[in-house]
Amino acid sequence: MSYLEDLKSLMNISATPIIEYRGEITQKIILQTLSDLEKTMDKLGEKLKITRKAFNIITECLQNILRYGEKVENEETNPIFIFDQQENRYVIASGNLLDKTRQPKLQMRLDELNAMDWYAVQEAYKEVIKYNLRDRDKTQETEKSRNSAGLGFIEMMRKSEQRFVFSFKEWSENTTYFLLGIAIDKDKDKS
Amino acid sequence: MQNITIPAGENTPYVRCDFQKGVFEFKGASYPEYAREFYDNIVEKLEIYIQNPTAPQTHITFAFTYFNTGTNPPLMTIFKALEKMPADHPLQIEWCYEDGDEDIRDLGEYFNTLTTLPIHLISLPIPEE
């Protein structure tokens with residue numbers, strides 16, 4: 001089974017998702033995806049609030065791949081991205097190759113977040129902001145730390161208000177394929 | 001110092017820094033992949049201004065409709081810098097959010113409680129689509 005099929009199975013993706021993409025993730029692709037998303041949600045008559053949540057999660061998800069994804073080794077290990085509409089929810093799912101040494105920390109982080117309730121997620125978000133408001137030592141900053149506040153996954157969870165579904169599939173001695181999915185409940189924001 | 005005016009881009013906000021009038025505005029969506037590349041020059045000049053404000057008073061407006069977490073670090077740097085503004089310099093900071101946008105509002109509240117700055121939260125009506 002391909003990683004795309006694995007991801008579809010992990011998140012119960014429908015036969016015809018709104019967006020299904022496999023290939024290189026670039027800033028241009030991200031902007032195109034977000035533009036397509038806005039047009040689709042507009043056609044669906046979806047609330048601006050839900051569209052913004054989806055927009056936000058997709059941005060964080062794809063920029064994470066752009067920032068942390070490993071160089072692709074072949075067609076099968078290309079990044080994948082799916083946006084799907086299901087009965088009561090929208091699903092955002094992605095897959096990308098990852099340096100295996102990153103797996104334990106990432107797994108721990110996602111497990112930690114999944115164990116949190118809504119209040120704890122908000123507090124975690126606030127704590128990171130507090131930490132980042134300290135005086136930063138510019139000489140110690142890396143390109144990644146300069147452009148990331150360590151908030152990506154917390155932000156995705158805040159917007160989603162649901163838990164992450166994820167899986168790691170060993171690809172090679174040094175790399176693993178990381179599958180991630182999260183949903184936005186359609187009904188939560190009906191007013 | 002030369003004023004800065006940057007029109008809104010595909011994923012970057014409208015920015016206006018008028019160092020003579022002391023008026024600064026950040027408006028719209030901000031989700032560039034490398035936010036620092038966009039903000040570094042602005043932050044650098046703002047830091048110089050803050051050390052010795054050339055205008056009699058300073059008014060800063062943040063009116064984001066959306067921003068990615070990558071925008072957080074430069075934004076935090078701006079707030080940290082603003083805390084160093086001379087105590088006797090009149091400073092007004094407005095954090096605007098669209099009505100019902102709890103995430104942007106909450107972030108303004110966090111900045112308000114986590115810094116010593118007087119940040120005024122202002123709710124704006126959602127523009128007609």
Side-chain angles (χ1 to χ4, degrees), chain A residues 25-32 34-35 38 41-42 45 47-49 51-67 122-123 125-136 138 141-156 158-159 161 189 191, chain B residues 9-12 28-40 43-44 47 64-84 95 97-117 119 124-129:
Chain A
I25 301 287
T26 61
Q27 185 60 22
K28 199 176 163 189
I29 294 285
I30 296 175
L31 291 175
Q32 185 60 52
L34 293 170
S35 166
E38 281 188 320
M41 296 297 253
D42 193 38
K47 287 192 181 74
L48 182 65
K49 193 171 177 179
T51 303
R52 285 219 174 131
K53 279 178 188 288
F55 190 100
N56 202 309
I57 294 170
I58 292 171
T59 305
E60 297 301 332
C61 175
L62 295 180
Q63 289 188 343
N64 262 348
I65 296 177
L66 195 58
R67 205 173 284 149
Q122 296 293 344
E123 282 303 302
Y125 184 84
K126 202 172 170 180
E127 276 305 308
V128 176
I129 290 192
K130 198 173 167 183
Y131 177 77
N132 279 284
L133 276 169
R134 77 202 190 283
D135 281 317
R136 293 164 81 104
K138 287 181 185 174
E141 289 183 337
T142 63
E143 196 53 38
K144 275 180 185 166
S145 76
R146 274 165 47 80
N147 284 291
S148 163
L151 282 167
F153 287 122
I154 302 178
E155 181 73 336
M156 286 168 78
R158 281 178 80 226
K159 297 286 192 231
E161 299 179 42
D189 290 84
S191 53
Chain B
E10 203 168 6
N11 57 356
T12 50
S30 176
Y31 55 99
E33 166 56 16
Y34 299 105
R36 284 286 186 180
E37 283 177 11
F38 177 77
Y39 284 99
D40 266 357
V43 172
E44 203 174 295
E47 282 176 331
F64 290 108
T65 49
Y66 166 65
F67 62 82
N68 64 347
T69 55
T71 298
N72 271 286
L75 207 58
M76 290 167 191
T77 308
I78 291 173
F79 280 115
K80 282 303 291 179
L82 287 170
E83 284 190 311
K84 291 174 185 148
W95 182 270
Y97 60 93
E98 287 180 359
D99 197 20
D101 191 341
E102 290 155 19
D103 291 327
I104 298 277
R105 186 203 60 201
D106 286 352
L107 189 59
E109 274 184 6
Y110 294 159
F111 285 134
N112 201 20
T113 49
L114 296 172
T115 65
T116 55
L117 298 165
I119 301 171
L124 301 174
I126 299 173
E128 294 285 327
E129 287 177 67

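All heavy atoms count here, side chains included; hydrogens, waters and symmetry mates do not. Bear in mind that the values here come from a model prediction, so they are computed numbers and not experimental data. Throughout, a chain's letter reflects where its sequence line sits, starting with A, and its residues are numbered from 1.
Listed by chain and number, the residues in a side chain to side chain donor-acceptor pair (under 3.5 Å) with B:Y39 are B:S30 (sequence neighbours excluded). In this structure, the ring-ring contact (aromatic ring centres under 6.0 Å, His included) partners of B:F64, at least two apart in sequence or on a different chain, are B:F67.
For a residue to count as touching a neighbouring chain, one of its non-hydrogen atoms must lie under 4.5 Å from one of that chain's; by this rule A:I129 touches chain B with backbone and side chain alike. Only the side chain of B:E102 comes within contact range of chain A, judged by heavy atoms closer than 4.5 Å. Only the side chain of A:L34 comes within contact range of chain B, with heavy atoms under 4.5 Å apart. Contact of A:Q27 with chain B is made through the side chain alone, with heavy-atom distances under 4.5 Å. At a 4.5 Å heavy-atom cutoff, B:L75 makes no contact with chain A through either its backbone or its side chain.
The closest donor-acceptor contact from the side chain of A:Q63 to the backbone of B:Y31 lies under 3.5 Å.
Checked by atom type, the side-chain pair B:T69/A:E155 shows no donor-acceptor distance below 3.5 Å. Between the side chains of B:T71 and B:R36, no donor-acceptor pair of N or O atoms lies under 3.5 Å.
Top candidate by heavy-atom pairs under 4.5 Å with chain A, chosen from B:T115, B:T113, B:L114, is B:L114.
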